[in-house]
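Before any comments, here is the structure.
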Amino acid sequence: MNRAVPFRQFVVKVNSRCNLACRYCYMYFAADQGWRRQPRSASPAMLRQTARRIGEHAAAHGLGAVSVVLHGGEPLLTAPRVLGAFVREVRARVPSGCAVYASLQTNGTLLTAAGLRELAGHGIRIGLSLDGGLAAHNTQRVDHAGRPAWPRVLRAARLLSEPEHRTAYAGVLCVVDVASDPVAVYESLVALRPPAVDFLLPYGNWTSPPPGLPAPPEAPTPYGDWLCAVFERWWHADHRRAAVRLFEECIAALLGLPVAGEVFGLQPFTAVVVETNGDIELVDALKTAYPGATATGLNVFRSAFDEALGHPGVVARQAGREALADDCRSCPVVDVCGGGHYAHRYRAGSGFRNPAVYCADLQRVIRHVAGALHEVAR
């Protein structure tokens, strides 16, 4: 049995509610509705205990760096000064020489210049979630009264792109919508001048497929086709304007280099979630599978993070090739694909030991990117 790899990324739910009601949101409209039972905000005691547990874990494993992601819901429903104080507490708790990289993922609607300065002062980098760089791309991003969020999101994007704030700007996160024009979406995002763009495949699985899957025979890889169109624009025209993490990780995996994300490669996964009540959970994407899929039965008030390393869900995420379906283990691109995102593999009755629902799409992207690399090497 492989030795457990310690957690290095701690996703801390500082708030369990959101001021928007995006109908495709995996958090509030998925199979697991556990968020309804969570406290709206993390208490000061929970944040202190989480900081202590992170420090304990870093010390026990001699970690040289950890990542703390402030998440929600919408994390900016919690005051920036509270978020900054929590990150300061984590830094005080980890051993000397252990770096703490802090970030926050927001819908941007509550971001202000003063709040941004407060967060940046604590070294917290900001990621912005949106569905494209135009109002027409963001029609599903509305508040609970149905009002469009776009004007406030655009304000946040412009604020982050100002020279004084660039060092705090981590980039934008965009969920792929195959009904949209891929190049238009990409170009509109780049026009907002983010340092990086990250495309996320919609969370779905074999039991609850994402939009457009299963695909018709005449277009069997809609998500792969969409991403390949963006790759062509990025690769041949302006890949220096913004990093695209999905493509950079695919390239790294093809070259046999380390990969940090969840989509490509066979590297052990080292992220863990802490809910607002202190529950230690597996990553949120699993909420799309079935109720309770993220639960470990552990809580920071009574359990160390080391206890979660033995959970079957964590073991499977760290087992590499051994945890994959037979078809995946014999696939010629398995070292690059890694079986795809764990949440995308779920099928009721057989669990997660399946190829990803995006299997054909991922193969399409991998072979396309490999072809581009081959042309450069010729």
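Along the sequence shown, residues carry numbers from 1.
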Classify the side-chain pair [X]/[Y] by whether it contains a donor and acceptor separated by less than 3.5 Å.
{"X": "S16", "Y": "Q38", "value": "no"}
{"X": "D306", "Y": "H57", "value": "yes"}
{"X": "S129", "Y": "Q105", "value": "yes"}
{"X": "D131", "Y": "Y24", "value": "yes"}
{"X": "T221", "Y": "D225", "value": "yes"}
{"X": "N107", "Y": "N19", "value": "yes"}

[X] atom [atom1], over 12 foreign heavy atoms within 6.0 Å:
{"X": "R302", "atom1": "CZ", "value": "yes"}
{"X": "R166", "atom1": "CZ", "value": "yes"}
{"X": "R147", "atom1": "CZ", "value": "no"}
{"X": "R155", "atom1": "CZ", "value": "yes"}

Polar side-chain atom of [X] near backbone of [Y] as donor-acceptor pair, under 3.5 Å:
{"X": "W234", "Y": "A243", "answer": "no"}
{"X": "R8", "Y": "V66", "answer": "no"}
{"X": "E74", "Y": "L20", "answer": "no"}
{"X": "N138", "Y": "L130", "answer": "no"}
{"X": "S161", "Y": "R158", "answer": "yes"}
{"X": "Q267", "Y": "F264", "answer": "yes"}

So which of P39, S41, P75 actually passes side chain to side chain contact (heavy atoms under 4.5 Å, CB included) with N15?
-> S41
Check V69, L104, L116 against I124 for a side chain to side chain contact (heavy atoms under 4.5 Å, CB included) and give me the one that passes.
-> L104
Side chains of [X] and [Y] in contact at under 4.5 Å (non-hydrogen atoms):
{"X": "E307", "Y": "L298", "result": "yes"}
{"X": "D143", "Y": "R152", "result": "yes"}
{"X": "F199", "Y": "V197", "result": "yes"}
{"X": "L227", "Y": "P182", "result": "no"}
{"X": "V5", "Y": "L309", "result": "no"}

Taking the six-membered ring for Trp and the full ring for Phe, Tyr or His, determine whether the centres of [X] and [Y] are under 6.0 Å apart.
{"X": "Y342", "Y": "F352", "result": "yes"}
{"X": "W235", "Y": "F247", "result": "no"}
{"X": "H341", "Y": "Y358", "result": "no"}

Does the ring-ring contact (aromatic ring centres under 6.0 Å, His included) test come out yes or no for W206 and Y346, once each step is laid out?
-> CA-CA 6 Å; W206 293 105; Y346 178 74; over 10 Å; no
d(M46 CE, D279 CG) to nearest 0.5 Å is 9.0 Å
Gap between atom CG of L373 and atom NE2 of H368 - 0.5 Å precision = 10.5 Å
Decide yes or no on side chain to side chain contact (heavy atoms under 4.5 Å, CB included) for Y223 and L213, but give the supporting numbers first.
-> CA-CA 9 Å; Y223 287 90; L213 294 178; 4.0 Å; yes
Run the side chain to side chain contact (heavy atoms under 4.5 Å, CB included) check on I54 and V274 step by step: do they pass?
-> CA-CA 11 Å; I54 294 172; V274 182; over 6 Å; no
Any ion pair linking D284 and K13 (charged N to carboxylate O, less than 4.0 Å)?
-> yes
Might you work through the side chain to side chain contact (heavy atoms under 4.5 Å, CB included) test for E232 and V183, ending with a clear yes or no?
-> CA-CA 9 Å; E232 283 297 298; V183 175; over 6 Å; no
Please walk me through it: do R321 and D335 pass salt bridge (charged side-chain N to carboxylate O under 4.0 Å, His left out)?
-> CA-CA 8 Å; R321 193 185 298 258; D335 290 334; 2.4 Å; yes
